[in-house]
Amino acid sequence: MALLSCTLTLSHSSLRRHVHEYTTTIHLSPPPSPPPHWNLPNPPVLPFRRLVSFPPYIPRSSLISATAPLLQDAGATATVLAGAYSLVRTFDTLTQRNLIQQSLSRKLVHILSGLLFAACWPIFRELLRGPLYYVLILILCALVFWRESPTGVISLAMMCGGDGVADIIGRRFGSSKLPYNQHKSWAGSISMFICGFLISIGMLFYYSALGYFQLDWTWTIQRVALVALVATVVESLPITEVVDDNITVPLVSMVVSMLSFGY
Ligand SMILES: C/C(=C\COP(=O)(O)O)CCC[C@H](C)CCC[C@H](C)CCCC(C)C
Ligand SMILES: Nc1ccn([C@@H]2O[C@H](COP(=O)(O)OP(=O)(O)O)[C@@H](O)[C@H]2O)c(=O)n1
């Protein structure tokens with residue numbers, strides 16, 4: 001956990017640049033003395049010396065176009081995907097050719113996949129928290145509400161459909177802002193409510209048609225409207241800087257849905 005939070009901290013691009021400048025300064029020249037009125041605390045004495053700052057320093061002059069960061073992330077993603085695919089294929093082939101036992105192959109993949117994943121962190125510019133939280137919520141819903149519960153389906157519909165549509169419609173038609181949040185608009189929030197509601201009902205219909213649960217539709221429509229309303233209000237609050245919508249929207253949807261449906 002400590003390692004994860006350390007990585008999250010250093011992965012922020014501005015902090016990374018700061019780390020680089022800090023390490024360069026202490027290695028190459030004495031630090032400039034601050035003006036007397038600055039009264040800053042002494043920097044902490046680290047129990048180790050950082051020999052190189054990661055990721056390796058890229059001179060600003062070489063960042064000649066705005067597409068360079070995108071290309072770096074795209075290249076990093078392609079590298080990770082290719083590495084994961086090659087790893088699994090390699091051990092699959094070794095097992096099929098009876099060169100190693102299946103149990104050993106599985107454990108070697110167990111060892112190497114996580115280590116390779118961690119080894120790839122430095123090649124990314126920063127951790128994209130939105131997509132990470134999004135995937136974590138997908139996993140949480142699958143683990144907790146697998147198929148037989150309306151709650152998982154509704155929560156995902158609100159996070160994926162509702163919150164996603166709010167962004168698209170809000171950016172395009174959201175000139176009229178909410179009185180308590182100048183970053184969000186009536187158009188975005190109303191479209192979130194409508195789309196979150198409709199997509200939830202559509203998903204519930206799909207699951208009930210497949211026989212995973214039976215619903216009283218008059219009652220269900222009222223309850224889903226309540227979930228959509230609460231999720232929309234929470235999404236509209238000026239708390240995005242504190243906690244990501246991809247966490248608040250599904251979690252609040254889960255709570256209201258669990259209280260309504262009981263499962
Ligand atoms: C960009 C994403 C979320 C963050 O949005 P924002 O709130 O920051 O605007 C979506 C991230 C998607 C993720 C990287 C990939 C998810 C893959 C998914 C589990 C696969 C579905 C398979 C299905 C069969 C097509
Ligand atoms: N209720 C909403 C939500 C988003 N939006 C628009 O969508 C943009 C991105 O929304 P956001 O800050 O929730 O973005 P994410 O955190 O979902 O990526 C906002 O800057 C608004 O232009 C809106 O107008 N009304």
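Note that ligands are numbered from 1 as they come in the structure, with each ligand's atoms numbered from 1 the same way. Along the sequence shown, residues are numbered consecutively beginning with 1.
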In the protein, what heavy atom is nearest to [atom], and what distance, to one decimal place, separates them?
atom                    : value
atom 4 (C) of ligand 2  : A166 O, 3.8 Å
atom 3 (C) of ligand 2  : E235 OE2, 3.3 Å
atom 2 (C) of ligand 2  : K184 CD, 3.5 Å
atom 9 (O) of ligand 1  : D167 OD2, 4.9 Å
atom 22 (O) of ligand 2 : R171 CG, 3.7 Å
atom 13 (C) of ligand 1 : V135 CG2, 3.9 Å
atom 13 (O) of ligand 2 : D245 OD2, 2.8 Å
atom 24 (O) of ligand 2 : S185 OG, 2.7 Å
atom 20 (O) of ligand 2 : H183 O, 3.5 Å
atom 1 (C) of ligand 1  : P131 CG, 3.9 Å
atom 14 (O) of ligand 2 : D167 OD2, 3.9 Å

Would you say E235's side chain and V230's backbone share a donor-acceptor pair under 3.5 angstrom?
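No, the answer is negative, given that no donor and acceptor are paired below the 3.5 Å cut-off.
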Short N or O distance, N246 and ligand 1, threshold 3.5 Å exclusive
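Min N/O separation from ligand 1 is below 3.5 Å for N246.
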D163, portion touching ligand 2 at heavy-atom distance under 4.0 Å
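For D163, the contact with ligand 2 is made by the side chain alone.
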Protein non-hydrogen atom below 4.0 angstrom of atom 20 (C) of ligand 1 present
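No, there is none.
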Within 4.0 Å of atom 23 (C) of ligand 1 (strictly less), any protein heavy atom?
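It does not; no protein heavy atom is within 4.0 Å.
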Salt bridge check, K184 against D245: does any charged N sit closer than 4.0 Å to a carboxylate O?
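K184 and D245: salt-bridged.
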Can you tell me if S189 contacts ligand 2 (heavy atom of the residue under 4.0 Å from the ligand)?
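The answer is yes, since S189 has a heavy atom less than 4.0 Å from ligand 2.
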About how many Å separate CG of L204 and CZ of R223, when rounded to the nearest 0.5 Å?
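Answer for the CZ-CG pair, R223 versus L204, is 14.0 Å.
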Rounded to the nearest 0.5 Å, what separation is found between the CG atom of L140 and the OG atom of S155?
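Reported value, rounded in 0.5 Å steps: 9.0 Å.
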Which ligand 1 atoms are under 4.0 Å away from a heavy-atom of L138?
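Listed by number with element, the hits are 19 (C).
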Show which atoms of ligand 1 fall inside a sub-4.0 Å distance from at least one heavy-atom site of G130.
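Once the distances to G130 are compared, the set is 4 (C), 8 (O).
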Check the orientation of Y207 and F213. Use parallel for under 30°, tilted for 30 to 60°, and perpendicular for over 60°.
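If you compare the ring of Y207 with that of F213, the planes turn out parallel.
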With sequence neighbours excluded, tell me which residues meet side chain to side chain contact (heavy atoms under 4.5 Å, CB included) with L128.
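Residues passing side chain to side chain contact (heavy atoms under 4.5 Å, CB included) with L128: P131.
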Min heavy-atom dist D245 to ligand 1 below 4.0 Å:
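No heavy atom of D245 comes that close to ligand 1.
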Step-by-step ring-ring contact (aromatic ring centres under 6.0 Å, His included) determination, Y212 to W146
CA-CA 10 Å; Y212 288 114; W146 180 248; 8.6 Å; no
So, F173 versus W186, ring centres under 6.0 angstrom or not?
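No - the distance between ring centres of F173 and W186 does not fall below the 6.0 Å cut-off.
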Per-atom contacts of ligand 2 with G188, taking only distances under 4.0 Å to non-hydrogen atoms
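It comes down to these atoms of ligand 2: 1 (N), 2 (C), 25 (N).
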Donor on one side chain, acceptor on other, T151 and S257, under 3.5 Å
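A pair is found: one side chain offers a donor N or O, the other an acceptor, under 3.5 Å apart.
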Looking only at non-hydrogen atoms, find the nearest pair between A187 and I169 and report the distance.
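What the structure gives for the nearest pair is O-CG2, 3.8 Å.
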Pair S236, S189 - check side-chain contact (heavy atoms from CB on, under 4.5 Å), show working.
CA-CA 7 Å; S236 73; S189 290; 3.7 Å; yes
S200 and side chain to side chain contact (heavy atoms under 4.5 Å, CB included): which single residue from I221, T220, I154, L156 fits?
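Only one of I221, T220, I154, L156 forms a side chain to side chain contact (heavy atoms under 4.5 Å, CB included) with S200, namely I154.
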